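Atom set for the values below is all heavy atoms of this structure, side chains included, hydrogens, waters and symmetry mates excluded. Predicted, not measured: the structure shown is a model, and the values here were computed from it.
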Amino acid sequence: MERKARTSILRSLGPGFITAAVVIGPGSVTVASKIGASAGMSLLWAVIVAGSFMMLYTAMSARIGVLNKQSLLTMVATHYGRWLAVVMGVLSFVVCASFQMGNYLACSTALTTMTGVHEMVWMAVVGIIALVFVFAAKKLYQAMEKVMLALVMFMLAAFIINLVVSRPNLLEVLAGLIPRRWDGAMTGLITAMVATTFSVIAALYQSTMAQQKGWKAEDLRTGLTDTFVGMSVLIGISMVITTTSASVLRGATIDNASHLAMQLEPLLGHASVIIFSLGFLAASFSSTVVNAMIGGGLLADSLGMSSNIDAPPSRIFTAIGMAVGLGAGIYTLFTNTPLGGIVLAQKSTILAVPLCALVMIVLANDKRVVGAHRNSLLANVWAVFALLALIWMSVYRVMEMIGK
């Protein structure tokens, strides 16, 4: 009976792991590694705070999805106006297209590190594979759920292996969990880390995936459990990468993604370079597929088209997002280093998300949408705090760009 219960729980999981797969992307791995190398384990607490933001917003979105038949942006159009839904859909598509560039760059860089074949070749190969996956799968959600669950588990195993080999100082790990002030030079990386971990657009799409899973109001507890497990995995992987980097790369200068892997070789051996590169590739490819699907699905939903993942509008807009990201990635290869493009993509997207975060808070407190299942006072306080953090980071990013 216990075995059947465990199997049933595993089968009920899905949307949370898909969201974790898209959030644990090349930006998350890159920024977590750079933070570990620059600040050691002193900022582990910031990873947990950012992860708690993501968990809360993803749970709000899942709750909205399971309690309603209409899609999230359709409800926005119904209750607050189609114009707002369109603005959110377009902004989401732009954000995802920006992330898509970094995903292609990261996939090609990881493959080049392992094979020596030029990034441009691998970028084309990855682009074709991703498009085939989107258009060939008859039941796209079911296929995506299985593939993303496997990739997340592979990432978890790959990064934990390197963590064990690196032998981190447990006292330093515990000390890093205590909040403290940080050096001003770290503000830019912290902003990028929060942006990659707290992905409001991915959280927004959790509602659609919960509906694709077939969950109804009676499945609310299952949906929230799925969110908790998926986001816990997200936080765990981010902390593992930061800790490993703090143990092995302390003080190292990281200029590109291949440098991230090669820095491990002197202390951990060539096998760790391969394992890290495979984990980085899994993180990048999972984000490549799901990220474009999120942008395409939200844009279709905002325009009043079907939000169903298998519907032609969602697939077509997904393909367009992939094409835009691929073109931007090719351009970046000619004008910038791959790692620079990844970090820039993650940081720039934070400008678009405060509006979406605000609307999610309003929806999660609207009786017409969630009935008696409104946010608690504590949830609202933490959600507003997260929103203020987003606004502060947006202002910081604007000032940073003006300064340049």
* Asked: Are Ile128 and Val132 close enough that some pair of their side-chain heavy atoms sits under 4.5 Å apart?
  -> yes
* Side-chain donor or acceptor of Ser108 paired with backbone N/O of Leu105 under 3.5 Å -> yes
* Asked: Taking the six-membered ring for Trp, are the ring centroids of Trp122 and Tyr104 within less than 6.0 Å of each other?
  -> no
* **Trace of the side chain to side chain contact (heavy atoms under 4.5 Å, CB included) decision for Ser92 with Leu204** => CA-CA 9 Å; Ser92 298; Leu204 192 69; 4.0 Å; yes
* Asked: Heavy atoms, side chains only, cut-off 4.5 Å: are Met55 and Ser232 in contact?
  -> yes
* To do: With rounding to the nearest 0.5 Å, note down the distance linking OG1 in Thr318 to CG in Leu298.
  => 9.5 Å
* **Side-chain heavy atoms of Ile320 within contact of Phe317, under 4.5 Å** => yes
* Structure fact -> So CZ of Arg374 and CE of Met60: to nearest 0.5 Å the spacing works out to 14.5 Å
* Nearest 0.5 Å, what's the OG1-CE distance between Thr227 and Met54? -> 9.0 Å
* Between NE2 of His118 and CG of Leu111, what distance do you get to the nearest 0.5 Å? -> 13.5 Å
* So which of Leu84, Val86, Leu91, Val90 actually passes side-chain contact (heavy atoms from CB on, under 4.5 Å) with Met88? -> Leu84
* Structure fact -> Test side-chain contact (heavy atoms from CB on, under 4.5 Å), reference Ile237, set Ile235, Val240, Val233, output is Val233
* Distance-only, no hydrogens or angles: does the Ser28 side chain make a donor-acceptor pair with backbone N or O of Val23 under 3.5 Å? -> yes
* Regarding Asp301 and Thr74, is there a side-chain donor-to-acceptor distance under 3.5 Å anywhere? -> yes
* **Identified side-chain contact (heavy atoms from CB on, under 4.5 Å) partner of Gln206 from the options Asp226, Ile294, Ile64** => Asp226
* Asked: For atom CZ of Arg221, is the number of surrounding heavy atoms from other residues, nucleotides or ligands below 6.0 Å larger than 12?
  -> no
* Is there side-chain contact between Ser314 and Asn308, with heavy atoms separated by less than 4.5 Å? -> no
* Asked: Which pair of non-hydrogen atoms, one from Cys107 and one from Thr288, has the smallest distance, and what is that distance?
  -> SG-OG1, 3.7 Å
* Structure fact -> When every non-hydrogen atom of Met193 is compared with those of Ile35, the smallest separation belongs to CB-CD1, 3.5 Å
* **Donor-acceptor pair, side chain of Asp219 and main chain of Thr222, under 3.5 angstrom** => no
* Chi angles and distances behind the side chain to side chain contact (heavy atoms under 4.5 Å, CB included) call for Cys356, Ile201 -> CA-CA 7 Å; Cys356 293; Ile201 307 304; 3.9 Å; yes
* How about Val66 and Glu218: do any of their side-chain heavy atoms sit closer than 4.5 Å? -> no
* Distance-minimising heavy-atom pair for Gly40 and Thr242 -> O-CG2, 4.2 Å
* Close side-chain approach of Thr244 to Pro168, heavy-atom, < 4.5 Å -> no
* To do: Could you grab the distance from atom CG of Asn380 to atom CG of Asn365, nearest 0.5 Å is fine?
  => 4.0 Å
* To do: Kindly give the heavy-atom pair with the smallest separation between Ala210 and Ala62, and that separation in Å.
  => CB-O, 4.3 Å
* Could you tell me whether a side-chain N or O of Ser287 sits under 3.5 Å from a main-chain N or O of Asn103, the two making a donor and an acceptor? => no
* Asked: Any donor and acceptor pair, going by atom type alone, linking the side chain of Ser52 with main-chain N or O of Val49 inside 3.5 Å?
  -> yes
* Exceeds 12 heavy-atom contacts within 6.0 angstrom, atom OH of Tyr80 -> yes
* Trace of the side chain to side chain contact (heavy atoms under 4.5 Å, CB included) decision for Met231 with Thr19 -> CA-CA 8 Å; Met231 295 307 101; Thr19 301; 3.8 Å; yes
* Residue pair Ala246 / Met41: nearest heavy atoms and the distance that separates them -> CB-CG, 3.5 Å
* Asked: Any side-chain heavy-atom pair from Leu43 and Trp45 closer than 4.5 angstrom?
  -> yes
* Output, in order, the C-alpha distance, side-chain angles, deciding distance and verdict of side chain to side chain contact (heavy atoms under 4.5 Å, CB included) for Val134 and Met322. => CA-CA 10 Å; Val134 168; Met322 286 182 169; 3.4 Å; yes
* **Considering all heavy atoms, the nearest Arg315-Ile309 contact** => CG-O, 3.6 Å
* Asked: Taking C-beta and beyond as the side chain, do Tyr205 and Leu72 meet within less than 4.5 Å on heavy atoms?
  -> no
* Asked: Of Asn375, Asn68, Thr58, which meets side chain to side chain donor-acceptor pair (under 3.5 Å) against Arg63?
  -> Asn375
* Ignoring hydrogens and angles, tell me if any N or O in the side chain of Ser61 forms a donor-acceptor pair with the backbone of Ser207 under 3.5 Å. => yes
* To do: Measure the acute angle between the ring planes of Phe53 and Trp382, then classify it against the limits of 30° and 60° as parallel, tilted or perpendicular.
  => tilted
* Structure fact -> CE of Met239 to CG of Leu234, rounded to nearest 0.5 Å, is 11.5 Å
